[in-house]
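Given the structure is predicted, the values throughout are model-derived calculations rather than measurements.
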Amino acid sequence: MRGRGHRSRRAARRGLLPLESNDATYRGPTTAGLGLAVSDINAAGGVLGQPVCQSVEEAGDALDLESGEESVATLLEDDMSVVVGTTRSEVAEAVVPELSDAEVPLVAVGATDSALSGVSPYFFRTIGDTTAFDDAFARLAQENTADSIAFVAQQGAADQLEDRDRLRETAEAAGSECVYGCDDTQLAVDSDYSDDVAAIVASGAETVVVLTEPTSLFMAAYAPAKTGANVVTVGASFQIAVEGHPEFFGTVSGLVNGARPTEGFVQRIEEWASATDAPEPTIATLAGETYDAVVLAALAAVRGQATDGATIAANLRAVAGSEGGTECATFRRCAALLEGGHEVAYRGVAVDAPIDADHDLASGRFSVLGYAEDGTVVTEPVDEIVGTKQEQSGD
């Protein structure tokens, strides 16, 4: 139990400034996760007796990769305490230095790289980094060993090729042989993927890992020639890619960076979106991560007894359970424990990994999504696969 003195109420800023993704795929779940979290927090009495304010900005206007300084100026005009939203890793790297100077933390939903780890306590992400993803992929490969594996990526797409190289090494270490897409020269340059499909069929690959975006383009090309190979998509686009291709039911799965929420939470998200005319929350994992990001920031303010960004940044590690504490799964329960002088470990919808000394997730939770032959969504238990962050090589 931790005792408390006189409650200090520093002047509250306007509140949360969530970022609404400019990608329609992510707008629905992000908006729903943010909205439901703010609603739940305010229904529980708000933060330090004050309601959480919310302002949503289009990411295309608010975050500009080419000019982090101008982007931050746009964000800071609303005088918020914390920025929450879908953010690519390279965008986070562009804006975090400016946000750090303003003492405003960025809780980045979707950023995967750990280049900012240890650089600033004003950066926190909700999903595991690339090394944690690789670790999860290795565990999945070991559990579902395939003797031969093919990779689908686009020539010249640096991010896809980087992913291919890492995952190929991981698969080979797990006992698989790469039979197609193993090096850049094997990747076709045509837009309809016909050459890739022909080569994959000829290779006899037992598992096909699809890294290209949008995944649905390859799926459409592969459907007529579909063999008995299992198809694994990487990322949350899995559900969208399979739509319209029932022939893949039972043989396609997706490794998703994030824990899939319970059906009860998904129902609450859908009900909130329907009641507020918000975009449909198509990706439940993203909605859960966004929800948890807002709750973690609010609990950090409660623990620190102030709503400024510096206080939130200083208390994120503690409320995420890095310093122990009583496990709790809702803002109402966790806030009540904090007000009573207890330490807490928030174990919410999708984010429950402790934050390490670098102010970074020590591990990441991952889900394996799939469709049964009748079209029913099949989900591995949300805590089935945990990828652990590894030390990055200095090479």
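Note: Thr212 OG1 to Asp163 CG = 11.5 Å, rounded to the nearest 0.5 Å. How far OG1 of Thr326 is from NE2 of His342: 6.5 Å, rounded to the nearest 0.5 Å. How far CD of Glu103 is from OG1 of Thr311: 9.0 Å, rounded to the nearest 0.5 Å. In this structure, SG in Cys182 is found 9.5 Å from CD1 in Ile149, a value given to the nearest 0.5 Å. Leu299 contributes atom CG, which lies 10.0 Å from atom CG of Asp292 (distance to the nearest 0.5 angstrom). Rounding to the nearest 0.5 angstrom, the gap separating the CG atom in Leu337 from the OH atom in Tyr346 is 13.5 Å.
Looking only at side-chain heavy atoms (C-beta outward), Asp184 and Arg164 come within less than 4.5 Å of each other. Here the side chains of Asn230 and Val208 are not in contact, with every heavy-atom distance at 4.5 Å or above. Two residues are said to be in side-chain contact when any heavy atoms from C-beta on lie closer than 4.5 Å; Phe124 and Leu316 meet this criterion. Under the 4.5 Å side-chain criterion, counting only non-hydrogen atoms from C-beta, Val197 is in contact with Phe218. Looking only at side-chain heavy atoms (C-beta outward), Asp165 and Gln160 stay at 4.5 Å or farther from each other. Residues Val152 and Val209 are not in side-chain contact: their nearest non-hydrogen atoms beyond the backbone lie 4.5 Å or more apart. The closest side-chain heavy-atom distance from Ile312 to Thr307 is not below 4.5 Å. Two residues are said to be in side-chain contact when any heavy atoms from C-beta on lie closer than 4.5 Å; Glu206 and Glu177 fail this criterion.
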request  = I would like to know whether Arg333 and Thr330 meet side-chain contact (heavy atoms from CB on, under 4.5 Å); could you show each step before the answer?
outcome  = CA-CA 5 Å; Arg333 173 59 176 161; Thr330 66; 3.3 Å; yes

inquiry  = Would Leu34 and Val38 count as a side-chain contact (heavy atoms from CB on, under 4.5 Å) here? Give the steps.
reply    = CA-CA 6 Å; Leu34 291 164; Val38 169; 5.5 Å; no

task = Applying side-chain contact (heavy atoms from CB on, under 4.5 Å), run through Leu48 and Glu339 and close with a yes or a no.
result = CA-CA 9 Å; Leu48 301 179; Glu339 292 290 353; 4.1 Å; yes

request  = Test Phe265 against Tyr291 for ring pair (Phe, Tyr, Trp, His ring centres under 6.0 Å), laying out the working first.
outcome  = CA-CA 10 Å; Phe265 177 81; Tyr291 180 95; 5.3 Å; yes

From CA spacing to verdict: side-chain contact (heavy atoms from CB on, under 4.5 Å), Thr126, Val107 = CA-CA 7 Å; Thr126 63; Val107 185; 4.1 Å; yes

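We find that Arg303 and Glu323 are joined by a salt bridge, their nearest charged nitrogen and carboxylate oxygen being less than 4.0 Å apart. No salt bridge links Arg332 with Asp40; every basic N to acidic carboxylate O contact stays at or beyond 4.0 Å.
Residues Glu343 and Gly324 share a closest heavy-atom pair of CB-O, 4.4 Å. Considering all non-hydrogen atoms of both residues, Ala313 and Pro121 come closest at CB-O, 3.5 Å. The two residues Gly204 and Ser148 come nearest to each other via the heavy atoms O-OG, 3.4 Å. The two residues Tyr122 and Gly309 come nearest to each other via the heavy atoms CE2-O, 3.9 Å. In terms of heavy atoms, Val84 sits closest to Ala293 at CG1-CB, 3.8 Å. Shortest non-hydrogen contact noted between Val295 and Ile41 is CA-CD1, 4.3 Å.
Using a distance-only test at 3.5 Å, with no hydrogens or angles considered, a donor-acceptor pair links the side chain of Thr290 to the main chain of Leu286. For Ser274 (side chain) and Glu271 (main-chain N/O), no donor-acceptor pair under 3.5 Å exists by modelled atom type. For Gln186 (side chain) and Gly181 (main-chain N/O), a donor-acceptor pair under 3.5 Å exists by modelled atom type.
Between Tyr193 and Gln154, the side chains place a donor N or O and an acceptor N or O closer than 3.5 Å (distance only, hydrogens not considered). Side-chain contact check for Tyr180 and Asp196: at least one donor-acceptor pair (N or O, by modelled atom type) lies under 3.5 Å. Of the N and O atoms on the side chains of Gln267 and Glu263, not one donor lies less than 3.5 Å from an acceptor on the other residue.
In the hydrophobic clustering of ILVMFWY residues, with side-chain heavy atoms under 4.5 Å counting as a link, Met219 and Tyr222 come out together.
By the 6.0 Å contact criterion, CZ on Arg166 is enclosed, its count of non-hydrogen atoms from other residues, nucleotides or ligands being greater than 12.
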